[in-house]
Amino acid sequence: TWDVSLSTDYQYNKLDAMRRGIQTQFSFPQRYTTLVSLATAYRLDGFKVLSSVIGTHVQEEVEYNAKPPNKTEFTPAIFLGYTPFKNHEFNLRAFAKRIFRMPTFNDLYYTMVGSSTLRPEYMNQYDVGFTYNLPAKGFFDKFSIQLDGYYTNTKDKIVAAPTGNLFRWMMTNMGQVKGHGIESVVNMETHINKLNLSANLTYTYSESRDYTKFAGLELSSYGDQIPYTPWHSGSGIFNANYQSWNFNYSFIYVGKRYNG
């Protein structure tokens, strides 16, 4: 089967403030955003292809101070899916997409934190992965595994960074950030008589390194992991249910990371 769809959205945002500003007038911004999406999907047996392109036009107005320039961007994406076996719930997937993100009003105008000179963020993202739901037999009622590997290349990544005063942060752009990693999810369910047990485990390994150059020269942080992004992270959620009783336990792990 082959499907085609066309959709459009219009969005209006306005930010007001009671406080007029400490040294300068508050900007009182307004943003007009138009989104147009053209998408198509094709399915043949166990093979599926989806592709889309999104056109974004952003126009901004302010009463005071400088405003970002108007932007018009087109961001394509393609998604592939394949189920090779009819008798097993094993799915392969891959996608490539370009992402365009405008700075939010807080990023641009929040007092003493925002910066009206922020540039939009652009990202190219690539991902391959699979999902496998094992047949329900033996000890487990359900057992599923998801695993993805990804690569990203980001231009003008929007981040918050401390200034000379650690109690005052400011939004800024990182010229170029490249990242790669893996994401995994394991779901398990079983029961012992009337006691139902389930667990959801996740693990992520992420490298996001700063490859920004200034006037052709490498910065001192060139090739380093960007701040506040851990290499290792994960979580576990455990649930036990017995008749009208329910017990939950959750655990979140965040590994070592740079703090500035």
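The figures here come from the full heavy-atom set of this structure, side chains too, leaving out hydrogens, waters and symmetry mates.
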Here the pair of heavy atoms bringing Pro68 nearest to Leu108 is CG-CD1, 3.9 Å
Would Asp127 and Lys97 pass as an ion pair if we require N to O under 4.0 Å?
no
Requested in this report: Return yes when atom NZ of Lys155 has more than 12 non-hydrogen atoms of other residues, nucleotides or ligands closer than 6.0 Å, and no otherwise.
Outcome: no
query: Side chains of His232 and Tyr203: donor-acceptor distance under 3.5 Å anywhere?
result: yes
Assess the residue pair Val49 and Phe47 against the criterion (side-chain contact (heavy atoms from CB on, under 4.5 Å)); give the C-alpha distance rounded to whole Å, side-chain angles, the decisive distance to 0.1 Å, and a yes or no. CA-CA 7 Å; Val49 180; Phe47 188 69; 3.1 Å; yes
Walk me through it: do Thr40 and Ser51 pass the test side-chain hydrogen bond (donor to acceptor under 3.5 Å, both in side chains)?
CA-CA 6 Å; Thr40 183; Ser51 62; 5.4 Å; no
**Report entry** Atom CD1 of Ile252 with >12 non-hydrogen neighbours under 6.0 angstrom
**Finding:** no
Looking only at side-chain N and O atoms, does Thr190 offer a donor or acceptor that is under 3.5 Å from a partner on Asp141?
no
Quiz prompt | Chi angles and distances behind the side-chain contact (heavy atoms from CB on, under 4.5 Å) call for Lys71, Met102 | solution = CA-CA 9 Å; Lys71 296 293 294 184; Met102 282 290 293; 4.0 Å; yes
* Candidate pair Met171 and Ile158, rule side-chain contact (heavy atoms from CB on, under 4.5 Å), full reasoning -> CA-CA 7 Å; Met171 306 305 298; Ile158 299 172; 3.8 Å; yes
Please check if Phe139 and Phe238 belong to a single hydrophobic cluster, counting links between Ile, Leu, Val, Met, Phe, Trp and Tyr side chain heavy atoms closer than 4.5 Å.
-> yes
Item to check | Sidechain N-carboxylate O distance under 4.0 Å for Glu60, Arg31 | outcome: yes
Q. Does the distance from a Lys or Arg side-chain N to an Asp or Glu carboxylate O, for Arg43 and Asp3, drop under 4.0 Å?
A. yes
### Polar side chain donor-acceptor pair, Asp210 to Thr212, under 3.5 angstrom
yes
Shortest non-hydrogen pair, Gly129 vs Asp148, comes out as CA-OD2, 3.6 Å
Just by distance, no angles: are the side chains of Thr229 and Ser208 close enough, under 3.5 Å, to form a donor-acceptor pair?
no
Aromatic contact between Tyr151 and His180, with the criterion being ring centroids under 6.0 Å apart: yes or no? no
Distance col, row Leu118:CG vs Met170:CE, nearest 0.5 angstrom, shows 9.5 Å
Let's go through Glu189 and Asn196 carefully: what are the C-alpha distance in whole Å and the side-chain angles of both, what is the deciding distance for side-chain contact (heavy atoms from CB on, under 4.5 Å) to 0.1 Å, and is it a yes or a no? CA-CA 8 Å; Glu189 292 182 8; Asn196 297 309; over 6 Å; no
Here the gap from Thr83 atom OG1 to Leu92 atom CG, rounded to the nearest 0.5 Å, amounts to 8.0 Å
### Query
Do the side chains of Phe143 and Val186 get nearer than 4.5 Å, heavy atoms only?
yes
Query raised in the report: Any side-chain donor-acceptor pair under 3.5 Å between Asn153 and Asn124?
Result: no
>> For the CZ atom on Phe214, are there more than 12 heavy atoms of other groups (residues, nucleotides or ligands in this structure) within a distance under 6.0 Å?
In response: no
Interatomic distance, CG@Asn133 vs CG@Asn91, rounded to 0.5 Å, equals 7.5 Å
- Task: Go through the side-chain N and O atoms of Ser221 and Asp224 and say whether any donor and acceptor fall under 3.5 Å apart.
- Result: no
query = With no hydrogens and no angle check, do the side chains of Trp231 and Ser206 hold a donor and an acceptor under 3.5 Å apart?
reply = no
Q: Applying side-chain hydrogen bond (donor to acceptor under 3.5 Å, both in side chains), run through Asn13 and Gln11 and close with a yes or a no.
A: CA-CA 7 Å; Asn13 299 89; Gln11 183 175 321; 2.9 Å; yes
Q.
Under 3.5 Å, is there a donor on one side chain and an acceptor on the other for Asn65 and Ser27?
A. yes
When every non-hydrogen atom of Gln225 is compared with those of Glu207, the smallest separation belongs to OE1-CA, 3.5 Å
**Report entry** Minimum side-chain heavy-atom gap Asp16-Phe28 below 4.5 Å
**Finding:** yes
Heavy atoms of Tyr109 and Phe26 approach each other most closely as O-CE1, 3.7 Å
*Passes side-chain hydrogen bond (donor to acceptor under 3.5 Å, both in side chains), Thr72 versus His57? Steps please.*
CA-CA 4 Å; Thr72 300; His57 177 72; 2.7 Å; yes
dist Glu73:CD -> Ile99:CD1 (nearest 0.5 Å) comes out at 13.5 Å
For this session: Treating Ile, Leu, Val, Met, Phe, Trp and Tyr as nodes and any side-chain heavy-atom pair under 4.5 angstrom as an edge, say whether Leu38 and Tyr42 lie in one connected cluster.
Result: yes
Rounded to the nearest 0.5 Å, the CG atom of Asp107 sits from the OG1 atom of Thr172 at a distance of 11.0 Å
Hey, is the main chain of Ser235 close enough, under 3.5 Å, to the side chain of Thr202 for a donor-acceptor pair?
yes
**Asked** Under 3.5 Å, is there a donor-acceptor pair between the Glu89 and Tyr132 side chains?
**Response** no
To the nearest 0.5 Å, atom CG of Leu195 lies from atom CG of Asn241 at 8.0 Å
inquiry  = Is the ring pair Phe251/Tyr253 parallel, tilted or perpendicular, if the boundaries are 30 and 60 degrees?
reply    = parallel
Would you call the rings of Phe90 and Phe130 parallel, tilted or perpendicular, where under 30° means parallel and over 60° means perpendicular?
-> tilted
Minimal heavy-atom distance between Phe105 and Gln30, with the atoms involved, is CZ-C, 4.1 Å
### Message
Is it the case that the ring center of Tyr211 lies less than 6.0 angstrom away from the ring center of Tyr222?
### Response
yes
Worksheet item: Taking the six-membered ring for Trp, is the centroid-to-centroid distance between Tyr126 and Phe95 below 6.0 Å?
Response: no
Nearest heavy-atom approach of Gln59 to Asn70 is CA-OD1, 3.3 Å
